[in-house]
Amino acid sequence: MALRTINRTILYLLLIVFALAYLVPVYVVIVTSLKGNAEIDLAHMWWLPKHLDFSSYAEAFNKLAPNLGNSFYLAIPGTIISALLGSLNGYALSKWKFRGANVIFPLILFGMFIPYQSVLIPVIQFMTDIGLYNTIPGLILIHVIYGLPICTLIFRNFYAGIPTDLIEAATIDGTGYWGIYRRIILPLSISGFVVVGIWQFTSIWNEFLFAVSMTQPPNQPVMVALQNLSGSQIVQWNVQMAGAFIAALPTLLVYVLLSRYFVRGLLAGSVKG
Amino acid sequence: MAQNVQTSTGSPLTGLPPALAKRKRPWTWERAYPILTILPSFIAIAVFVYGFIAWTGWISLTHWNSLVPNMSFAGLKNYAMLFGEYRFQADLRNLLFFTILFIFLCLVIGLLLAILVDRKIRAEGLFRNIFIFPMALSFIVTGVVWQWLLSPRSGINLILKAFGWNPSQLPGWYTSTKIIPSIHWGQIQFGIPVALIAVVIAAVWQMSGFAMALYLAGLRAIPEEIHEAARVDGASEWKAFWKVTFPQLRPMTATTIIILAHISMKIFDLIYAMTGPGAAFVTDMPSLNMFNTTFQGNHYAEGAAIAIFMLIALAIVIVPYLISSLRKEGD
């Protein structure tokens with residue numbers, strides 16, 4: 001019994017040490033962002049602020065506010081459209097085996113693994129041609145299309161768990177393809193939508209490559225603006241940390257409130273295991 | 001895959017109703033609906049993934065290396081040029097060492113954390129959430145924060161100094177140009193750039209929770225009877241882990257390696273935010289090189305060649321994985 005107690009103590013000690021190590025960046029972001037310009041000093045990074053100063057939050061927010069707006073305008077419609085398409089595709093692929101589905105699905109799936117550099121030049125040419133270059137709707141379109149594979153995959157897996165008997169019974173009752181989707185599948189899809197919604201919102205909010213290559217200053221999403229903050233001549237670490245905190249807040253909130261679903265999306269991205 | 005999505009029907013990707021599939025029915029609109037549902041998405045993918053890749057491939061074979069498109073055929077000239085360049089050779093070195101270090105550290109830390117969390121501990125959810133939360137952040141945020149933490153005259157180095165590290169020999173982290181062991185190779189010095197280690201630390205902080213989540217799912221999928229049997233046989237805890245648990249985790253390890261490899265081969269934002277290409281390209285990557293070459297240098301054909309190189313490297317890792325996991329579900 002004594003050995004067991006020692007073992008448990010070591011276990012918790014290890015866990016706490018690791019947890020603290022993972023939280024170090026959070027501590028540094030918070031203490032740095034709450035210091036005034038005068039108090040920022042390389043040698044005293046770890047010290048708590050002598051008095052709380054929220055001016056760096058005000059400054060970061062002023063600089064990032066329009067871009068935060070852009071990011072919401074980008075991520076919310078992008079997420080909704082992606083989830084709806086993913087749901088429809090997942091339904092067709094999991095509940096209605098049709099000829100060619102075995103070829104179509106892997107071909108769609110491969111799209112989520114490609115490096116986006118390999119489509120970037122044509123994407124920009126195409127967006128310029130149709131007049132959507134440097135617009136948020138253009139970015140929405142891009143995220144919806146390149147989000148199709150993962151959204152389809154997650155919903156396909158999710159619907160595989162809905163018993164076939166339900167569908168068969170409905171077919172016998174004469175309910176058609178869309179009727180089954182509306183009356184059986186959709187009401188059972190809520191947690192699927194939550195998983196896909198969180199996944200897409202987080203990915204679109206955090207995405208950088210398309211955002212930086214497809215938008216110019218007034219139209220840039222928040223991550224590009226945050227990156228530009230640090231590009232300025234004098235590095236104001238307090239403002240940067242406040243900016244990082246503000247830019248990370250929406251996805252962090254989603255994570256804190258719905259972490260269970262976040263992890264499900266995370267695991268779903270690995271196809272199988 | 002997530003067992004939470006998976007059900008008793010077995011494979012997570014199937015669950016297709018065989019009865020519905022095999023029954024011969026006359027053609028009706030009903031039978032066309034599934035295909036019509038998929039069609040728009042399929043066309044979008046066909047154009048934006050495959051069509052655009054083909055177009056990039058074609059660009060990489062042309063002379064378009066200025067602002068004015070010049071689509072005359074150049075053969076493999078851009079590729080040949082690339083492999084002879086200092087910057088691209090540095091990219092290959094960096095990609096190799098970044099991938100190895102990143103995967104190795106994520107696996108080791110992820111497995112360790114999963115084992116700790118799996119020991120029926122109190123506040124399990126809290127610990128799990130702390131280890132996974134960096135995954136919810138953008139690489140840009142991570143890059144900005146770790147740039148501050150690894151700032152050579154501050155942050156981590158202050159702690160190293162407090163522990164008695166010689167102040168004149170503190171690591172320069174992402175500002176360092178040191179390469180260990182620095183063997184002359186091609187045009188570059190071969191070895192692990194110190195600056196790259198700084199990027200690896202940030203990346204591992206962000207992604208090791210992912211490895212933990214996968215391993216935890218793997219551990220939870222091992223039937224309790226297997227552990228029981230080992231215990232009855234009188235195996236020590238340590239031995240039981242290596243002989244019984246670890247082999248069971250092999251498929252999950254393979255999955256994790258592939259997913260992490262694919263992330264590391266695409267890594268762009270973190271480096272963009274934290275260091276950029278670095279002095280003498282010590283932290284440069286093909287992804288960053290492609291971006292600069294194409295959009296700042298206007299060498300479109302050369303940029304396209306880098307992109308195609310990235311795609312091929314990734315496909316070598318991903319395609320066999322995709323085929324094997326989809327085949328498994330077909331059984």
Part of [X] within contact of chain A (heavy atom distance under 4.5 Å):
X: B/F291; value: side chain
X: B/L113; value: side chain
X: B/M310; value: both
X: B/L112; value: side chain
X: B/M265; value: neither
X: B/I121; value: both
X: B/T294; value: side chain
X: B/L116; value: both
X: B/V319; value: side chain
X: B/Y300; value: both

Minimum heavy-atom separation for [X] to [Y], with atom names?
X: A/V263; Y: B/A213; value: CG1-CB, 4.4 Å
X: A/A21; Y: B/W205; value: O-NE1, 4.5 Å
X: B/A217; Y: A/L267; value: CB-CD1, 4.4 Å
X: A/W46; Y: B/G155; value: NE1-O, 3.0 Å
X: B/V141; Y: A/A244; value: CG2-O, 4.0 Å
X: A/Y12; Y: B/R122; value: OH-N, 2.8 Å

Working to the nearest 0.5 angstrom, can you tell me the gap between [X] [atom1] and [Y] [atom2]?
X: A/M45; Y: B/S151; atom1: CE; atom2: OG; answer: 6.0 Å
X: A/W96; Y: B/Y33; atom1: CH2; atom2: OH; answer: 11.0 Å
X: B/D269; Y: A/Q227; atom1: CG; atom2: CD; answer: 9.5 Å
X: A/R260; Y: B/R128; atom1: CZ; atom2: CZ; answer: 9.5 Å
X: B/L288; Y: A/L209; atom1: CG; atom2: CG; answer: 10.0 Å
X: B/I318; Y: A/L109; atom1: CD1; atom2: CG; answer: 9.5 Å

Need one label for [X]: side chain, backbone, both or neither, based on atoms under 4.5 Å from any heavy atom in chain B.
X: A/I16; result: both
X: A/F110; result: both
X: A/V119; result: both
X: A/L15; result: both
X: A/M223; result: both
X: A/F245; result: neither
X: A/R99; result: neither

Examine distances only and state if a side-chain atom of [X] and a backbone atom of [Y] form a donor-acceptor pair shorter than 3.5 Å.
X: B/N129; Y: A/V256; answer: no
X: B/W148; Y: A/W237; answer: no
X: A/T251; Y: B/L137; answer: no
X: B/K266; Y: A/F113; answer: yes
X: B/Y50; Y: A/G111; answer: no

Apply the test side chain to side chain contact (heavy atoms under 4.5 Å, CB included) to residues A/L23 and B/I130: give CA-CA distance (whole Å), side-chain angles for both, the deciding distance (0.1 Å), then the verdict.
CA-CA 7 Å; A/L23 291 174; B/I130 289 175; 3.9 Å; yes
Taking side chain as C-beta onward, heavy atoms only, is [X] less than 4.5 Å from [Y]?
X: A/V212; Y: B/Y272; answer: yes
X: B/T56; Y: A/P122; answer: yes
X: B/F42; Y: A/L107; answer: yes
X: B/I38; Y: A/L93; answer: yes
X: A/I114; Y: B/L314; answer: no
X: A/I121; Y: B/W64; answer: yes
X: A/F18; Y: B/I109; answer: yes
X: A/S259; Y: B/I132; answer: no

Which one, [options], leads in non-hydrogen pairs under 4.5 Å with chain B?
options: A/Q117, A/M241, A/E207; result: A/Q117
options: A/L88, A/T202, A/I198, A/I145; result: A/I145
options: A/P106, A/S118, A/A92; result: A/S118
options: A/Y91, A/F262, A/Y116; result: A/F262

If you count heavy-atom pairs under 4.5 Å between each of B/S41, B/P40, B/S208 and chain A, which one has the most?
B/S41
Most heavy-atom pairs under 4.5 angstrom with chain A, which of B/I323, B/I308, B/L36, B/I159?
B/I159
How are the rings of B/F48 and A/Y146 set to each other: parallel, tilted or perpendicular (split at 30° and 60°)?
perpendicular
Would you check, one step at a time, whether the test side chain to side chain contact (heavy atoms under 4.5 Å, CB included) holds for B/V47 with A/F126?
CA-CA 11 Å; B/V47 173; A/F126 177 79; 5.9 Å; no
Would a line drawn from the ring center of A/F208 to the ring center of B/F139 be shorter than 6.0 Å?
no
Sub-6.0 Å ring centroid separation between A/Y22 and B/F131
yes
A/W178, CH2 atom: more than 12 neighbouring heavy atoms under 6.0 Å
yes
Within a reach of under 6.0 Å around CZ of A/R8, are more than 12 heavy atoms found that belong to other residues, nucleotides or ligands?
yes
State whether a side-chain donor-acceptor pair under 3.5 Å links A/W205 with B/S138.
no
Check the side chains of A/Y177 and B/T37 for a donor-acceptor pair under 3.5 angstrom, ignoring hydrogens and angles.
yes
